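The structure appears below as structure tokens.
On a predicted model such as this, the values are computed, not experimentally measured, just so you know. Atom set for the values below is all heavy atoms of this structure, side chains included, hydrogens, waters and symmetry mates excluded. By convention in this document, chain letters (A, B, ...) are assigned in the order of the sequence lines, proteins followed by strands, and residues within each chain are numbered from 1.
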Amino acid sequence: MAMRWMIVGWLALLAVPALAAPPVPDTLAQRIKACTSCHGEHGEGGANGYNPRIAGKPALYLYRQLLNFRDGRRHYPLMEHMVARLDDAYLREIAEYFAAQVPPHPAHAVVALTPAQRQRGEALVRHGDAARKLPPCQACHGERLTGVAPAVPALVGLMPDYISAQLGAWRSHTRGAPAPDCMATIAARLDKSDIAAIAGWLASQPLPADMTPAATPTEPPPLECGSIGP
Amino acid sequence: MRRWLLMLVFVLPMAAAQSLPTPASTRAADVVQGEYLARIGDCVACHTARGGKPLAGGRAIATPFGSIYAPNITPDVETGIGSWQRQDFRHAMHNGIGRGGNLLYPAFPFPSFTRVSDADVDAIYAWLRTVPAVHNENTAPDLRWPYSLRPLLMVWRGLYFQPGVYRPDPSRGAQWNRGAYLVEGLGHCNGCHTPRNGLGAIQASQALAGAMMPVENWYAPDLRPGAGGSLDGWSVADIAGFLQSGVSRHGNAFGPMAEVVQRSLQYLSDADAHAIGVYLLDPPPRAPVTPTPPGLVAPPSQARNLFDEGETIYRQNCADCHGDDGQGAGLIYPALAGNRGLLGPDVNAIRAVLLGGFTPSTRANPRPYSMPPFAPVLSDREVAAVVTFIRRSWGNQGSAVAPASVARNRSVPPR
């Protein structure tokens with residue numbers, strides 16, 4: 001009798017893998033297919049020139065962007081829909097996941113710039129324009145422009161259309177951050193030609209070998225900013 | 001340095017103590033119960049602006065007649081309901097009349113809340129007295145003429161509103177009656193799931209028969225059990241699990257229901273969640289239902305091609321998760337075979353494919369799985385094809401979907 005049951009048991013074990021579909025992996029990567037379908041399996045960014053690379057951005061920066069989308073400070077309808085019903089803990093986990101990814105960078109974009117544009121872009125990024133109360137980008141984003149821990153993102157390694165769209169979004173108030181919203185203040189002082197020059201110059205910079213964000217800012221922030229600190 | 005450390009030592013614990021909510025054990029029983037009931041009534045959803053302070057009002061409730069801005073119901077005296085007495089709050093919930101006698105718009109679901117018992121209303125009032133007061137001025141309604149004429153509410157009330165209380169049906173058990181009380185009262189399920197007439201009044205004869213939600217353009221499914229109803233094949237445990245977690249083997253919370261589950265229904269006690277299931281699976285008899293139109297139906301000459309194209313798209317994009325035969329993967333990816341939510345009006349299935357997304361984070365399912373959005377990669381025709389295939393495979397008997405129906409649902413619905 002016992003023998004017969006053992007045989008039945010063995011047969012059942014053999015039969016299970018043949019009948020059941022493979023189990024769905026209990027991994028974060030599987031859970032967030034909605035994210036990776038546009039941003040790439042490792043957050044390397046979409047091939048469409050727009051969906052940005054999110055891999056390796058500071059976790060706190062990514063987390064705050066997710067909150068901004070969810071809570072109505074940053075607007076892009078599909079992203080707002082994605083995160084609308086997710087809680088803080090899960091959004092933080094997703095942010096940390098992408099922050100820890102290190103997929104290779106693609107070859108950087110070639111952007112056609114006039115010499116004057118190149119000069120203007122570099123001057124604004126490196127030195128700002130004191131007469132127009134424009135601080136240099138590198139004051140907050142780091143001398144290597146690879147961002148500053150814990151919350152300031154890199155400006156190199158981005159696509160030109162993405163950079164100009166973001167600066168435009170700040171000007172038109174479709175992208176915002178908790179007050180004081182320093183980037184909104186700065187973007188409002190830029191005009192279209194500034195934005196083209198900055199985006200083009202940044203996107204054509206070769207990537208530094210070390211893309212990790214700087215540990216500390218090189219100087220105190222030139223403006224009060226609700227999105228810099230921990 | 002030392003001074004900073006000292007400050008940290010003293011200030012941090014104080015700050016922490018201030019920000020923690022009062023533990024339930026030290027709060028009065030009616031306040032604890034009131035918080036639970038307010039969650040089941042989902043007060044916070046309408047009375048909180050996106051990214052705003054809880055219950056401080058300001059969210060626009062879009063209606064076919066214009067927008068109404070839910071008011072501040074925190075205990076702020078100037079801008080909230082800090083000066084309201086218990087009787088004032090009862091009057092609003094039971095009769096739809098605010099303090100000072102102004103008639104409230106039925107965007108506030110007082111035609112449902114009128115059934116809530118005085119004891120429960122008093123508990124909600126007691127809890128509302130304890131939430132942080134927020135100074136936030138109310139926004140006047142933005143309604144089209146003639147709906148902007150507030151005295152017309154008198155006429156509306158005369159035609160469509162009857163104050164009442166929930167009267168238990170003695171022929172039914174306590175669990176059934178509890179479910180009915182929650183569904184018809186505080187839960188105000190009929191706010192979305194029951195058709196309204198041209199003046200926005202809920203048509204009681206069509207209770208929970210399913211309805212297109214105006215403005216949002218979603219279909220709130222027919223909640224009937226049995227053949228043709230969206231709950232065909234659901235058990236009480238399926239319904240209770242769905243309400244508490246947002247997922248079930250028959251279908252997931254999506255669209256506006258995802259918000260309702262996240263903000264409200266996930267907090268249902270096991271007993272109340274089951275009571276709702278018992279009631280929904282055994283509802284009172286109802287007049288025959290006029291089915292909601294399915295959307296733009298593809299003509300038979302197109303339907304065959306759409307189906308065939310849809311099958312290819314399904315194999316490439318959908319079968320990995322939803323299975324070769326639409327069988328799904330348990331609570332992770334819902335079955336499409338026999339999934340009633342995909343039939344009837346086509347809008348929900350189209351939106352599901354276009355937008356994808358996550359089911360809500362809930363206590364029972366805090367890290368939900370998700371579906372990629374296909375709006376960026378599939379054309380209107382391709383979406384129509386795959387939805388047609390899903391609606392007409394594995395025993396499903398929905399209509400074929402015209403590509404034009406996808407085109408008109410392509411924009412992301414407003415939040």
With a 4.0 Å cut-off on N to O distance, would you call B/R50 and B/E259 a salt bridge? no
Apply disulfide (SG to SG under 2.5 Å) to B/C43 and list each qualifying residue two or more places apart in sequence or on a separate chain. none
Which heavy atom of A/A151 sits nearest to which heavy atom of A/S227, and what is that distance? CB-O, 3.6 Å
Residues from residues 28-39 of chain A approaching chain B under 4.5 Å (heavy atoms): A/L28, A/Q30, A/R31, A/I32, A/K33, A/A34, A/C35, A/S37, A/C38
Using a heavy-atom distance cut-off of less than 4.5 Å, which residues of residues 86-93 of chain A contact chain B? A/L86, A/D87, A/Y90, A/E93
May I ask you to decide if A/D181's main-chain N or O and A/T185's side chain share a donor-acceptor pair within less than 3.5 Å? yes
Is there side-chain contact between B/M212 and B/N217, with heavy atoms separated by less than 4.5 Å? yes
If you tally heavy-atom pairs under 4.5 Å against chain A, which of B/A258, B/A375, B/A253, B/A329 wins? B/A258
Under 4.5 Å from any heavy atom of chain A, what part of B/F374 do you find: side chain, backbone, both or neither? neither
Before we go on, tell me: are the rings of A/F69 and A/Y76 under 6.0 Å apart, centre to centre? no
Residues in disulfide (SG to SG under 2.5 Å) contact with A/C225, at least two apart in sequence or another chain: A/C182
Minimum-distance pair of heavy atoms, taken over all atoms of A/H42 and A/E44: N-OE1, 2.8 Å
Interchain contact, B/P376 with chain A, by part (heavy-atom threshold 4.5 Å): side chain
For residues A/Q65 and A/R74, is any side-chain donor paired with an opposing acceptor at under 3.5 Å? yes
Report the option among B/G246, B/S411, B/P360 that has the most heavy-atom pairs separated by less than 4.5 Å from atoms of chain A. B/P360
Interface moiety of B/I332 toward chain A, non-hydrogen atoms closer than 4.5 Å: side chain
Verify, without hydrogens or angle tests, whether B/N252 (side chain) and B/T359 (backbone) share a donor-acceptor contact under 3.5 angstrom. no
Measure up the B/F254 and A/H81 rings against each other and bin them: parallel (under 30°), tilted (30 to 60°), perpendicular (over 60°). perpendicular
More than 12 foreign heavy atoms under 6.0 Å from CD of A/Q101: is that the case here? yes
